[in-house]
Q: 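Here it is, the structure, as structure tokens.
Quick note: residue numbers are just sequence positions, from 1. Keep in mind the model is a prediction, meaning the values are calculated, not measured.
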Amino acid sequence: MNDETLRFYDEQAKGYSAIRVRPIQIYTDRLEREALAPLVADAHDILDLGCGEGRLTRWIAATKRAQGGAFAVHGADFSPEMIVHAQAQNGDLPATYGVGDAMALPFEDNSYDLIVSCTAPNNFPSLDGALDEIRRVLRPGGIFCATIINGEETARFARYLYYSPYYLAKIARRLANGSSGYHRVLFSRDELAGLLRGRFEIVQLTGMRMIPDFVPEFPLNIWPPLFPVMNGLVRATEGLDRRLSRHDWAGRHARFHLVIARALK
């Protein structure tokens with residue numbers, strides 16, 4: 001991971017938990033957990049790759065503890081600051097954390113039944129190389145579940161409009177200071193299918209979250225007094241949002257791809 005991207009997430013670590021209480025992020029967390037619940041129930045050794053401040057790792061650990069039986073849950077992130085915050089918020093939950101590079105995972109072959117990675121794959125220096133590592137540390141038939149930001153999202157055009165002052169300021173800074181070293185790559189559904197082919201059997205490749213992204217985030221998803229309004233909009237459109245996200249054509253243009261794939265060995 002390059003220094004600029006690492007610096008960005010080290011700085012984000014301090015306020016990352018506050019971002020996750022916004023209405024759209026809460027809705028996204030719920031969609032992710034619904035998809036993950038049956039996978040987590042069937043797995044014993046679970047890795048949250050790109051765990052950030054550990055919100056999903058904590059949920060997995062709490063879910064497995066309630067389920068009972070033997071299990072191990074580990075959160076790995078390339079940002080040391082994120083790991084510090086994850087450890088501080090973990091409490092007595094049965095999870096461990098450590099710095100880990102997706103391009104050279106510090107685990108033995110065949111270590112995990114399930115590897116989860118929510119939006120982190122967009123920051124991997126090479127998703128192609130990371131998938132080799134993920135496949136290596138998964139057991140035969142192990143599951144990789146990820147949400148990945150979509151390069152063909154339709155709502156991005158609405159975002160360009162309502163965030164135009166931000167983007168114009170960003171362009172001006174780049175013209176003045178040179179291009180940023182921050183690394184994030186977006187992928188189409190066909191690109192993901194091609195990357196997975198030969199290494200994973202695709203169990204599910206659908207869209208996730210569409211309608212809320214057409215709503216201006218500022219101020220509805222940024223200013224707490226307006227959160228009830230945003231929550232109401234999310235609830236009112238949730239049924240349609242789910243149907244569109246699962247639709248073959250419409251889902252290709254959602255905010256995220258939901259990937260569930262089985263390792264071929």
Q: Kindly say whether Phe200 contributes a backbone atom to a donor-acceptor pair with the side chain of Arg135 at under 3.5 angstrom?
A: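 Judged by distance alone, no pair lies under 3.5 Å.
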Q: Before you tell me yes or no, could you show the steps for Ser117 and Phe124 under side chain to side chain contact (heavy atoms under 4.5 Å, CB included), namely the whole-Å CA-CA distance, both residues' side-chain angles and the distance that decides it to 0.1 Å?
A: CA-CA 11 Å; Ser117 192; Phe124 296 161; 3.8 Å; yes
Q: When you measure from the side chain of Gln89 to the backbone of Ala86, do you find a donor-acceptor pair of N or O atoms at a distance under 3.5 Å?
A: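 Checking the backbone N and O of Ala86 against the side chain of Gln89, no donor-acceptor pair under 3.5 Å is found.
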Q: Is a side-chain donor or acceptor of Asn150 paired with a backbone partner of Arg255 at a separation under 3.5 angstrom?
A: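 Answer holds: no.
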Q: Verify, without hydrogens or angle tests, whether His247 (side chain) and Trp249 (backbone) share a donor-acceptor contact under 3.5 angstrom.
A: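 Yes, His247 side chain to Trp249 backbone: donor-acceptor pair under 3.5 Å.
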Q: Going by the side chain to side chain donor-acceptor pair (under 3.5 Å) test, name the single residue among Arg209, Arg159, Arg252, His253 that passes it with Glu153.
A: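 It is Arg159; the other options fail the test.
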Q: Given side chain to side chain contact (heavy atoms under 4.5 Å, CB included), test Lys64 with Val40 step by step and report yes or no.
A: CA-CA 7 Å; Lys64 293 305 291 183; Val40 169; 3.5 Å; yes
Q: Is there a path from Val203 to Leu196 through hydrophobic residues (I, L, V, M, F, W, Y) whose side chains come within less than 4.5 Å of each other?
A: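 Different clusters.
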Q: Around atom CZ of Phe214, are there more than 12 heavy atoms of other residues, nucleotides or ligands at under 6.0 Å?
A: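 Above 12, so yes.
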Q: Atom CZ of Phe144 and atom CD1 of Ile134: how far apart are they, to the nearest 0.5 Å?
A: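 Output value for this atom pair is 4.0 Å.
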Q: Does any donor atom in the side chain of Arg246 or Thr206 lie under 3.5 Å from an acceptor atom in the other side chain?
A: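 Short answer, no.
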Q: Using 0.5 Å steps for rounding, measure from the CE atom of Met208 to the CG atom of Leu31.
A: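 Output value for this atom pair is 5.5 Å.
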Q: What orientation do Phe107 and Tyr112 show, parallel under 30°, tilted 30 to 60°, or perpendicular over 60°?
A: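 Perpendicular: the ring planes of Phe107 and Tyr112 meet at over 60°.
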Q: Taking Arg199 for the side chain and Leu195 for the main chain, is one N or O donor matched with an acceptor at less than 3.5 Å?
A: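 Yes, because the side chain of Arg199 sits within donor-acceptor range (under 3.5 Å) of the backbone of Leu195.
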Q: Mind checking whether Phe227 and Ile222 sit in one hydrophobic cluster, side chains of I, L, V, M, F, W, Y counted as touching below 4.5 Å?
A: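 Phe227 does not cluster with Ile222.
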Q: Do Val234 and Val21 belong together in a cluster built from hydrophobic side chains that touch within less than 4.5 Å?
A: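 Shared cluster, no.
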Q: What is the distance from atom OG1 of Thr28 to atom CZ of Arg20, rounded to the nearest 0.5 Å?
A: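 With rounding to 0.5 Å, OG1 (Thr28) is 6.5 Å from CZ (Arg20).
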Q: Say you draw a straight line from CD1 of Ile115 to CG of Asp48; how long is it, rounded to the nearest 0.5 Å?
A: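 Those atoms lie 10.5 Å apart.
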Q: Give the C-alpha distance, both sets of side-chain angles, the deciding distance and a yes or no for side chain to side chain contact (heavy atoms under 4.5 Å, CB included) between Ile211 and Leu240.
A: CA-CA 8 Å; Ile211 294 176; Leu240 179 59; 3.6 Å; yes
Q: Is the backbone of Val185 close enough, under 3.5 Å, to the side chain of Asn122 for a donor and an acceptor to pair up by distance?
A: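 Answer holds: yes.
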Q: I'd like to know if the side chain of His44 pairs up with that of Asp113 as donor and acceptor (distance under 3.5 Å, no hydrogens or angles considered).
A: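 The answer is no; no qualifying pair exists.
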Q: Quick one: OG1 on Thr63 to CZ on Phe71, what's the gap to the nearest 0.5 Å?
A: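 That separation rounds to 9.5 Å.
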Q: Are side-chain heavy atoms of Leu114 and Leu138 found at a separation under 4.5 Å?
A: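 Contact flag for Leu114/Leu138 side chains = no.
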Q: Taking atom CD as the centre, does Glu108 end up with more than 12 heavy-atom neighbours from other residues, nucleotides or ligands that are less than 6.0 angstrom away?
A: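 Atom CD in Glu108 is not packed in, count stays at 12 or less.
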Q: Got Asn221 and Gln25 here, is their nearest side-chain heavy-atom distance under 4.5 Å?
A: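 Result yes, sub-4.5 Å side-chain heavy-atom pair found.
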Q: So, does Asp77 use its side chain to make a donor-acceptor pair with the main chain of Leu49 at under 3.5 Å?
A: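 No; judged by distance alone, with no hydrogens or angles, the pair does not exist.
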Q: Above 12 or not: heavy atoms from other molecules or residues under 6.0 Å from CZ of Arg197?
A: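 No, the 6.0 Å shell around CZ holds no more than 12 heavy atoms from other groups.
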Q: Any chance the side chains of Tyr27 and Asn231 put a donor and an acceptor closer than 3.5 Å?
A: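 On atom types as modelled, these side chains do not qualify, holding no pair under 3.5 Å.
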Q: Could you check Met103 against Glu133 for side chain to side chain contact (heavy atoms under 4.5 Å, CB included), going step by step and ending with a plain yes or no?
A: CA-CA 7 Å; Met103 307 308 298; Glu133 277 293 275; 5.7 Å; no
Q: If you round to the nearest 0.5 Å, how far is CG of Asp241 from CE of Met210?
A: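 Reported value, rounded in 0.5 Å steps: 8.5 Å.
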Q: Over all heavy atoms of both residues, which pair between Cys51 and Gly75 is shortest? Give the atoms and the distance, please.
A: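 That would be SG-C, 3.6 Å.
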Q: Can you tell which of Arg136, Lys265, Arg139 makes a salt bridge (charged side-chain N to carboxylate O under 4.0 Å, His left out) with Asp109?
A: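 Option passing the salt bridge (charged side-chain N to carboxylate O under 4.0 Å, His left out) with Asp109: Arg136.
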